[in-house]
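To find a chain, count down the sequence lines: A is the first, B the second, and so on, and within it residues start at 1.
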Amino acid sequence: MLDTLGELERTHTCGELRIGDVGQKVVLMGWVAKKRDFGPLTFIDLRDRDGITQVVLNEADTSGAHAKAKGLRGEFVIAVKGKTVEREGTHNPKLATGDIEVHADEILILNEAKVPPFQLEVAGNENLADESARLKYRYLDLRRAEMQNNIRTRAKVVTAIREYMDGAGFTEIETPILLKSTPEGARDFIVPSRIHAGKFFALPQSPQILKQLTMIAGFDKYYQIARCFRDEDLRADRQPEFTQLDVEMSFTNREQVYRLMQGTFNHVYKKFDIELPEAWPRMTHAEAIRRYGSDKPDLRFEMELIDLSGDLADTDFGPFAEALKANGTIKCIVVKGRADYSRKQTDELQEFVKRYGAGALAWIKLGDETTSSLLKVLGEEKIAQLAATAAAEKGDAVLIVAGRKSVVAASLGALRLEVAKRENLIPENVYKPLIVTEFPLFEYNDAEDHYDAAHHPFTAPMDEDLEQFREAVEGDKRELLGGVRAKAYDAVINGIEVAGGSIRIHQRDVQALNFKAIGLTQEKARERFGFFLEALEYGTPPHGGFAAGIERTLMALLHNDNIRDLIAFPKTASAQDLMMDSPGEVDEAQLKELGIKTFTRETRSIH
RNA sequence: GGGGUCGUAGUUCAGUUGGUUAGAACGCCAGCCUGUCACGUUGGAGGUCGCGGGUUCGAGCCCCGUCGGCCCCGCCA
């Protein structure tokens with residue numbers, strides 16, 4: 001028979017009591033984390049959201065409570081009435097409450113619990129249960145201190161953001177979750193409507209257009225903690241639904257947005273006693289790609305990419321010569337002190353870069369003797385020259401990739417991170433923020449042989465590139481589009497893209513150019529976002545803003561590389577919820593009402 | 001859409017070249033124990049080796065398919 005709570009109120013949490021509380025009568029409530037039974041003496045680790053307090057039951061003092069404790073099992077929910085005393089034996093420095101313990105004279109069993117499907121308290125994360133078990137029993141996983149900390153840190157971050165935005169004069173405005181599908185960008189989640197059977201709403205990929213409309217509406221400074229939805233494949237840092245700080249302001253320029261982005265992050269980080277520089281370092285997109293092979297460089301370590309194409313301009317080695325002839329490049333990174341890389345290891349690294357489209361990974365090892373996969377084709381002298389250009393020293397390994405510029409950047413950029421992880425080159429508890437500027441306005445789409453908007457189609461070009469932009473579109477020199485830079489920027493911390501944004505186009509003729517560049521006809525554009533184009537014609541102020549990923553901000557802050565750990569109820573890599581078992585089927589009647597027929601996986605391709 | 005990797009007790013894992021009764025630790029259950037905090041100690045229970053098919057005298061191990069977790073490419077700011 002369970003006890004009832006009645007009028008009993010708890011006096012403290014399980015993480016609160018200190019040596020100064022000795023002598024106090026207290027009431028604690030929580031879960032049984034652990035029981036250590038010595039016969040006449042029993043210890044219980046009582047856990048709640050705040051920590052763990054040791055409860056002691058001595059048969060000699062309170063035989064009733066002691067006897068009752070015999071029946072306690074892990075995760076039972078209990079209330080304990082007792083007295084705070086200084087520990088008799090050794091204090092426990094691992095617990096915040098480790099100097100005291102509570103001598104219980106009464107225990108109430110408020111609820112029992114089945115044996116959990118996995119152990120909540122285990123030493124070391126490597127012994128933690130498989131993630132699918134943790135996801136199925138998410139409510140149990142969330143009881144663990146680490147997860148409690150993650151979720152509560154998240155709340156603290158969001159609170160800090162609201163505090164800062166409010167202080168800076170921004171108005172929080174909610175925008176609809178039920179929107180209209182727009183064909184470009186990510187795939188939409190669509191929502192049927194009974195009232196409009198056969199028609200669909202779409203969930204927002206982001207409130208982009210709506211936040212621009214708040215500028216046209218004259219709110220001047222808008223922000224929102226907005227849920228975003230994208231029906232795309234997942235990654236360790238991507239979930240189908242995630243949360244953004246969405247910000248937009250009027251009468252602004254890039255410098256003002258940079259200051260606001262920095263200010264926001266600096267304010268948030270300060271809550272965790274982390275000082276970021278008031279003005280973050282900056283780097284253009286082109287420089288980031290050139291030096292780090294990435295538009296979100298991790299600046300916690302060096303190992304920059306070095307260009308070897310100058311030294312190899314006259315080479316007749318097939319793969320290199322072809323790469324250079326096709327306007328490609330040859331670059332390398334230097335791994336300090338790893339001339340001892342084995343054949344197996346370089347093979348592994350070669351397999352790694354091949355994922356990014358690299359044909360091969362060439363290497364030079366400056367050991368006691370210099371060895372190289374290129375020795376036969378280039379000769380000793382050239383090898384020595386390349387090593388010198390790379391500034392490699394005795395004992396180092398040089399890893400080289402040749403090919404298209406984008407492939408060399410992607411593969412070496414990724415290799416740089418991979419090697420840094422393997423070699424433990426990334427310092428812990430260091431935060432290296434960066435603002436990446438001047439992103440390209442357009443991205444060449446290989447598969448369809450045309451240019452897409454790199455950010456979104458309302459991003460303004462840089463004033464300096466407006467001329468070239470006009471020429472590219474009106475003079476029909478499409479190849480010039482690749483060189484047009486945008487007033488677009490990202491905020492990066494430790495190689496994680498935590499925010500991104502742009503100054504928007506507010507002039508009709510530039511917007512028209514932009515649509516033409518990406519092959520969107522007047523009619524198509526009107527069809528897709530006519531309401532927005534119309535709005536632009538009623539006095540749109542110059543405006544711009546950014547969006548910051550809440551989960552990514554937390555990943556950077558907590559040095560966590562799994563986005564699921566930062567969302568209370570996340571989905572798996574295949575976009576399922578293992579706890580609710582969603583998505584699920586619905587009744588035939590429901591579908592009928594909505595005017596929807598479904599097809600199975602097998603019949604879908606036949607239609 | 002493609003690639004990699006994992007799937008054995010409640011959990012984390014081991015399991016030789018295919019060989020007889022599939023192991024360990026933690027957890028769980030029962031006993032003992034008055035200062036533990038990864039308590040100790042004695043004993044015990046617990047297995048559709050993800051699922052289906054195949055090869056074989058014999059499959060946890062080999063082959064084919066399939067399902068699921070994780071990671072990556074494509075995709076996605």
Check: Near RNA chain B, which residues from residues 228-246 of chain A have a heavy atom under 4.0 Å away?
Finding: A/Arg230, A/Glu232, A/Asp233, A/Arg235, A/Ala236, A/Arg238, A/Gln244
Margin query: Any salt bridge linking A/Lys344 with A/Asp347? Criterion: basic side-chain nitrogen under 4.0 Å from a carboxylate oxygen.
Written below: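 Answer for the salt bridge query: no.
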Return the value, rounded to whole Å, for the distance between atom [atom1] of [X] and atom [atom2] of [N].
| X | N | atom1 | atom2 | answer |
| --- | --- | --- | --- | --- |
| A/Gln205 | B/rA77 | CD | C1' | 10 Å |
| A/Asp130 | B/rU5 | CG | P | 18 Å |
| A/Asp188 | B/rC75 | CG | C1' | 14 Å |
| A/Leu72 | B/rC28 | CG | P | 13 Å |
| A/Asp141 | B/rG69 | CG | P | 16 Å |
| A/Arg187 | B/rA77 | CZ | C1' | 15 Å |

Donor on one side chain, acceptor on other, [X] and [Y], under 3.5 Å:
| X | Y | answer |
| --- | --- | --- |
| A/Asp188 | A/Gln205 | yes |
| A/Asp298 | A/Tyr292 | no |
| A/Thr175 | A/Gln224 | yes |

Go through the N and O atoms of the side chain of [X] and the base of [N], and report whether any donor-acceptor pair is under 3.5 Å.
| X | N | value |
| --- | --- | --- |
| A/Glu351 | B/rG3 | no |
| A/Arg36 | B/rU34 | no |
| A/Gln54 | B/rU36 | yes |
| A/Gln576 | B/rG68 | no |
| A/Thr572 | B/rC70 | no |

For [N], what is the paired nucleotide under Watson-Crick or G-U wobble rules, both distances under 3.5 Å?
| N | value |
| --- | --- |
| B/rU21 | none |
| B/rG7 | B/rC67 |
| B/rU55 | none |

Once you apply a heavy-atom cut-off of 4.0 Å, does [X] come out as touching a base, just sugar-phosphate, or nothing?
| X | value |
| --- | --- |
| A/Ala547 | nothing |
| A/Arg134 | nothing |
| A/Ala133 | nothing |
| A/Asn562 | nothing |
| A/Pro117 | sugar-phosphate |
| A/Arg73 | sugar-phosphate |
| A/His456 | nothing |
| A/Glu101 | base |
| A/Glu131 | sugar-phosphate |
| A/Tyr356 | sugar-phosphate |

Would you say [N] has OP1 or OP2 under 4.0 Å from some side-chain N or O of [X]?
| X | N | value |
| --- | --- | --- |
| A/Lys35 | B/rC37 | no |
| A/Ser574 | B/rG69 | yes |
| A/Lys114 | B/rC28 | no |

Item checked: Check: A/Asp45 main-chain N/O paired with A/Lys34 side-chain donor or acceptor under 3.5 Å -> no
Next item on the list: Look only at the side chain of A/Lys421 and the backbone of A/Arg416, and say whether a donor-acceptor pair between them is shorter than 3.5 Å.
Entry: no
Check: What nucleotide among B/rU11, B/rU36, B/rA77 has an atom nearest to a side-chain atom of A/Phe43?
Finding: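 Closest of the options to the side chain of A/Phe43: B/rU36.
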Next item on the list: Check every atom of B/rC26, B/rU11, B/rC33 against the side chain of A/Ala129 and return the nucleotide holding the closest atom.
Entry: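 From the listed options, B/rU11 comes nearest.
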Check: Ring centroid separation for A/Phe569 and A/Tyr139, is it under 6.0 angstrom?
Finding: no
Notebook entry, point to check: Considering only heavy atoms from C-beta outward, does the side chain of A/Glu88 approach that of A/His103 to under 4.5 Å?
Noted result: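 Yes, at least one pair of side-chain atoms sits under 4.5 Å.
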Checklist line | From CZ (A/Arg144) to CD (A/Gln148), nearest 0.5 Å | finding: 10.0 Å
Margin query: Quick test of the criterion, 5.5 Å between centres and less than 30° between planes. Is A/Phe118 stacked on B/rU11 or not?
Written below: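 Given the distance and angle limits, no, they do not stack.
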